[in-house]
Amino acid sequence: MASEPYTVRWGIMATGGIAQTFTKDLLTNPATRDVHDIAHKLVAVASSSSKASAESFLSKVKAPDGVKTYGSYAELVADPDVDIVYVATPHSHHFQNAMLALEAGKNVLCEKAFTVTAAQAKKLVDKAKAKNLFLMEAVWTRYFPLSVKVREMVQSGVIGPVYRVIADNSFGKDAPNGRIDFPDEHRMVNPDLAGGALLDLGIYSLTWLFQILYHCQPESEKEKPNVVGAINKYTTGADEMTTVVVQFPKHKSMGVGMTCLRINTDTDGHNSGGPAIKIQGPLGEIQVMGPAFKPLQYRVVKSDCNGKVEVIDCPIPQDKERNWGHGMFWEADECARCLRDGKKESATLPLSESIVIMEVMEEVLKQGDVKYPDLITTDVYDPKSPLNTGNQTLESEPDIARPMALSEASSSRCQWHQSTHGVWERDIDECEEFYRRSARGDDGCYPLTGFATFVAVSTADGTDRRIEAAFRNAWVRLRYEHPTLGSHIEDKALGGSKRVYSSFEDASQEEEWLQSTFKIVHTDSGALEWFNNSSPTFKTPTLFLVKAKAELGQTAFLRCPHDLTDGVGILHLVDHLFHHAAVAYEQGAKYAAPRWGEEQIRLSPCLRLAARIPNILSEAQTKRLHQIQKENATIYTQQRLLGLPSSASAGSTSRIQYLPHYLPKDVTDLILRGCKVIGPGVSVTHVFTAALALALADMQLREDDAYTVRYANQSMINLRPYCEPPYNTSSHVAAAYHTVSAQALGIDLIVPSKSGKTKADGLPQIATSVRDFFKTIRPACLEDDQVTLSPSVFKSITPAPGANPHAVSDGNFCPVALSSVGNIDNVRQRG
Ligand SMILES: NC(=O)C1=CN([C@@H]2O[C@H](COP(=O)(O)OP(=O)(O)OC[C@H]3O[C@@H](n4cnc5c(N)ncnc54)[C@H](OP(=O)(O)O)[C@@H]3O)[C@@H](O)[C@H]2O)C=CC1
Ligand SMILES: O=C1OC[C@@H](O)[C@H](O)[C@H]1O
């Protein structure tokens, strides 16, 4: 009678996609793949989000009764019934999670990519050795009988010495507008989760290069490769297309490994394009049909075969009772046999080989300038890392969903914290990054300006000096009240950007700041003319007090980088400035100077934090984002779009020109009454947007026949009211708290024919459509999509690093938008 199989007791860490697939494989009957010497038992599963997730996981995988569920990874690794932990979290988490299990004395099977850096991989290996535990990277493909057979053929010299291996593992996820069809938060493209083509998919191309060119080298001749890599980066900063050349000079061999998120290895889904992997020797080649991670067929093409290609199918055995079989059970079987035989690593993928592969990937990412955040690249183990805890504390065991948990984790980097004495810093968010990258090269920043003109009532001697002194004091006070005005963005040493604020330690520092940011300007032209034609570029918030010879009044121009405030915010700041100036003017020499060093408590957080936007979208939100992006794509692509014809901008200078329009009260009243006549809820903004579209239609070239054009635009939404207190108040107006609507507005208009009407028409109907659109995008609450999707929307329109955001790709089309700050009376609260 055959002896009882050796049974391994598994603990599953995480409840995502691959954890389910793997566990379903574990639950298949080994006899269905002709395995009788070992068996698997599922004893526990843990979710870092909640115990409920672990419970729902069990029903999804149709687990037998009696499997334990945990709401934290820490509890799983402490379970004495677990022999081995399968780590099925994103790459970003592998080092901390695997270490958590090893430290607790558990054997570990860790999903690929093993870690984010080679140093992390080495630390795991050292820990496993020190604790005498089994550790293996879950590169399941290596354990396919197909892989075993191909390695055997190579080693037996069927095609002679292998000189070259070419392998590709690419996913066709190209999407409109330069996007890739994964939300930016998805682990495939999100740098916070170590996303990118190489670590996720390219690793399989490297698996083929390595299992043939490196693994099959005799031990005594093992040669690490030279590495050359090329990377195209995606807007998130992760790699979207990567090619790796590994060269083994002593063995006269080379491998080319490719991966991409825009094109498919297998164009038609039937492998008509040929093999994903070609293993080439002088006597022929072995072709492996893709996908590289789950190959089901290989072909042997001998140089003397006269067109007779040997084709071998290797289907994955199915457990008919469970109606399942994916191919991950073979790596699980390997773990079981190693544990049974007391082996601490798998000979099929030795740990030293996993480390060399990590070194290769790290080198390629370095050559391509892909950088991951410190939190996930550190090789210092921290059991309390949010990567281990999901930011839950075991004591309270809150049952919170993942989005908030991660938001907390990454938000810790977005929180202001003191870095050195008197200096505070925090990471920036997507909104700030958008404005930062949208700056034109010749401007210091993406500028935003608020200004107001005033007339001094007094003509007494010294009034002018008193006004100057009042504005100077008011400017200092404004910065003290809104210290973020004294901050700037800079690059972090290890990638990414941060906002930095330095307080003043003495009067000379305050004076130095005033010298560079408070400017009195005397001009012979008008103030606005000076602004349009002569105002200098600036990098940090600057106040220009302009005295125009020909004008009675003076004008204060407050200029800020747009990453630091928004349209509504700058008006509030101007309002506050004038309030302080009035008080300082009144008080004269008695006006109290601020006490620096205590203002930092008023530093404003980024929008993501102020509105408590989760870092990860829920499944439903992701779906909605996708849906909206699809709808937007049709809005922007299915019609001729309305813009300024190139002739309209002929002769214009590159400087933005501000043109004031003063409407007398009777005209304003007429417009307001007209809005009401059009329909309930129709506002000036709606009517002006409609009028803008019509004016543009009037400017289009007339053709013999009338034709349809589309006015398309995404409008700005003020999110300040939806931020948490106190960020919803005017105490935090030195912060960009607005967003671009997720949905695009698309309105079709008719450009009349040459012989038709003189003007395009339909204003009431267009204004009503604009009103309806604005209704749909107005956030109902903090949890509204417009708030939650805001970072994703900003990310999707952020220019790629190094790209010129102002380059016009279509000379005939220059989009036009109307930005409205609404009723200014709402802003003027301070008199
Ligand atoms: N071998 C293979 O064929 C495949 C391997 N993989 C690998 O498996 C790993 C996981 O991939 P996959 O299952 O597709 O990913 P999923 O996003 O579907 O699942 C990941 C799981 O990790 C846990 N997790 C913990 N922290 C986070 C976080 N901050 N963000 C997201 N998830 C978190 C979650 O489980 P919980 O909330 O329960 O803790 C989540 O469900 C990756 O390393 C990937 O490379 C993926 C697909 C195929
Ligand atoms: O390991 C993997 O293989 C299959 C892919 O679908 C997945 O993205 C990747 O993680």
Side-chain angles (χ1 to χ4, degrees), residues 12-23 25 45-58 60 69-76 86-98 100 109-116 137-144 169-171 173 182-183 185-190 192-205 207 259 261 264-265 290-295 326-332 373 375-376 385-392 399-410 614-619 622:
I12 309 295
M13 185 183 278
T15 56
I18 204 60
Q20 290 174 37
T21 306
F22 178 83
T23 307
D25 262 17
V45 57
S47 165
S48 64
S49 336
S50 65
K51 192 166 152 57
S53 290
E55 279 155 10
S56 116
F57 174 90
L58 289 185
K60 284 184 200 147
T69 52
Y70 297 117
S72 74
Y73 298 159
E75 288 167 286
L76 177 80
Y86 169 59
V87 175
T89 51
H91 317 147
S92 45
H93 291 47
H94 290 173
F95 169 70
Q96 295 290 350
N97 298 165
L100 185 78
L109 171 66
C110 178
E111 256 312 329
K112 42 56 66 177
F114 201 23
T115 47
V116 185
E137 181 185 3
V139 184
W140 58 315
T141 319
R142 289 229 183 187
Y143 303 91
F144 272 42
N169 186 32
S170 296
F171 276 11
K173 292 282 182 181
F182 286 111
E185 292 70 22
H186 194 280
R187 70 168 188 84
M188 292 295 284
V189 290
N190 181 354
D192 286 347
L193 298 177
L198 181 61
L199 290 184
D200 193 75
L201 298 176
I203 191 169
Y204 288 107
S205 308
T207 290
T259 184
L261 293 173
N264 255 325
T265 307
F293 49 86
K294 192 186 178 192
H326 192 74
M328 302 191 83
F329 34 55
W330 286 310
E331 68 179 350
L375 180 73
I376 66 167
S385 161
L387 305 174
N388 279 328
T389 63
N391 244 26
Q392 298 188 41
D399 199 13
I400 47 176
R402 160 130 343 274
M404 265 314 165
L406 192 84
S407 156
E408 301 284 343
S410 86
N615 214 28
I616 297 285
L617 297 179
S618 68
E619 233 171 74
T622 304

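Remember, predicted model here, so these are calculated numbers, not experimental data. Every heavy atom of this structure was used, including side-chain atoms; hydrogens, water molecules and symmetry mates were not. Indexing begins at 1, ligand by ligand and atom by atom, following the structure's order.
Contacts of M328 with ligand 1, taken as heavy-atom pairs under 4.0 Å, involve the side chain alone. In K294, neither the side chain nor the backbone holds a heavy atom less than 4.0 Å from any atom of ligand 1. With a 4.0 Å cut-off on non-hydrogen atoms, E111 touches ligand 1 through its side chain and not its backbone. Contacts between Y204 and ligand 1, counted as non-hydrogen atom pairs separated by less than 4.0 Å, involve the side chain only. The side chain of Y73, and not its backbone, has at least one atom closer than 4.0 Å to an atom of ligand 1 (non-hydrogen atoms only; side chain from C-beta on). Residue contacts with ligand 1 for A88 involve N, CA, C or O but no side-chain atom from C-beta outward (heavy atoms, distance under 4.0 Å).
Within the 4.5 Å cutoff, no side-chain heavy atoms of N169 are placed close to those of T207. Using a 4.5 Å heavy-atom threshold, the side chains of H186 and T622 count as separate. Taking the side chain as every heavy atom from C-beta outward, L261 and D200 never approach each other to under 4.5 Å. The closest side-chain heavy-atom distance from F57 to S47 is not below 4.5 Å. Contact check for V45 versus T23: no side-chain heavy atoms found under the 4.5 Å cut-off.
Inclusion of S53 in the set of residues having an N or O under 3.5 Å from an N or O of ligand 1 is not warranted. Between A113 and ligand 1, no pair of N/O atoms sits closer than 3.5 Å. Taking only nitrogen or oxygen atoms, main chain and side chain alike, A14 does not reach within less than 3.5 Å of ligand 1. Polar contact check, I18 against ligand 1: a nitrogen or oxygen pair lies under 3.5 Å apart.
Not a single heavy atom of G390 sits closer than 4.0 Å to an atom of ligand 1. At least one heavy atom of D200 sits closer than 4.0 Å to an atom of ligand 1. Within the structure, ligand 1 has W140 among the residues with a heavy atom less than 4.0 angstrom away.
A side-chain contact (heavy atoms from CB on, under 4.5 Å) with H93 is found for one member of V87, N388, I376, L193 and no other, namely L193.
A113 approaches I203 most closely through the heavy-atom pair CA-CD1, 3.8 Å. Of all non-hydrogen atoms in S92 and L387, the two that sit nearest each other are O-CD1, 3.7 Å.
Residues S53 and S56 bring no donor and acceptor atom of their side chains to less than 3.5 Å of each other.
With sequence neighbours excluded, the residues satisfying ring-ring contact (aromatic ring centres under 6.0 Å, His included) with F22 are W10, Y86. In terms of the side chain to side chain donor-acceptor pair (under 3.5 Å) criterion, H94 has no residue partners (sequence neighbours excluded). Applying the side chain to side chain contact (heavy atoms under 4.5 Å, CB included) criterion to T265, with sequence neighbours excluded, gives D168, S170, A276.
Near H94, meaning under 4.0 Å from one of its heavy atoms, ligand 1 places the atoms 43 (O). Close approach of ligand 1 to L193 is summarised as follows: ligand atoms under 4.0 Å from at least one heavy atom of the residue are 29 (N), 30 (N). Within ligand 1, counting atoms from 1 as listed, the ones closer than 4.0 Å to a heavy atom of T15 are 35 (O), 36 (P), 38 (O), 41 (O).
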Less than 3.5 Å apart, N/O on ligand 2 and N/O on the protein: could you list those pairs with the distances?
unit_1   : atom_1 : unit_2 : atom_2 : d
ligand 2 : 1 (O)  : K112   : NZ     : 2.6
ligand 2 : 1 (O)  : Y204   : OH     : 2.6
ligand 2 : 8 (O)  : D200   : OD2    : 2.8
ligand 2 : 10 (O) : K112   : NZ     : 2.8
ligand 2 : 10 (O) : R187   : NH2    : 3.2
ligand 2 : 10 (O) : D200   : OD1    : 2.8
ligand 2 : 10 (O) : D200   : OD2    : 3.0

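In this structure, CG in L199 is found 10.5 Å from CZ in R187, a value given to the nearest 0.5 Å.
Ring pair Y204/F293 is tilted by interplanar angle, where 30° to 60° counts as tilted.
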